[in-house]
Amino acid sequence: MERKSAGMQNVLIAVLALTALLVWQRPDPVQAVGGGSWDTDGMMVNTTENEAERLVLVDTTAKTIMVYRTEGVGQFRLVAARSYQFDVLLKDTSKNDEIERRNGITFMQAFELYAKRNAP
């Protein structure tokens, strides 16, 4: 339980650092990728560089990506979330028209493609 609490503490620190970045509007994004003197429990935080400020949170342990839109100082709204659990299990997809010639695939489509390729 203490490890989970420490992990949440680390995520909170990363979010506060990102909030400070957005307030001061520094051009360099803030990253919390582990290493150094503290561990992030598989959490990474970054910003996008476009007119609509976005906060991208990646949980490499749960294999999920969440995207938040900023709304004023310290306010975030979830705009997208996706598990990439099966995406990373797919082998070379460069010749797969389902992925390459369409507008990407959903989590369920990635699961079905993985299951079809790995069926006995």
For the student: nearest non-hydrogen atoms of [X] and [Y], plus distance:
| X | Y | answer |
| --- | --- | --- |
| G104 | Q109 | O-OE1, 4.3 Å |
| R54 | V67 | CD-CG1, 3.8 Å |
| R82 | I105 | NH1-O, 3.3 Å |
| D87 | A110 | OD1-CB, 3.3 Å |
| M66 | A81 | CG-CB, 4.0 Å |

Quick one: [atom1] on [X] to [atom2] on [Y], what's the gap to the nearest 0.5 Å?
| X | Y | atom1 | atom2 | value |
| --- | --- | --- | --- | --- |
| T93 | L113 | OG1 | CG | 8.0 Å |
| F111 | L89 | CZ | CG | 11.0 Å |
| D59 | Y84 | CG | OH | 7.0 Å |
| F86 | K63 | CZ | NZ | 11.0 Å |
| M44 | I65 | CE | CD1 | 8.5 Å |
| R77 | Q75 | CZ | CD | 8.5 Å |

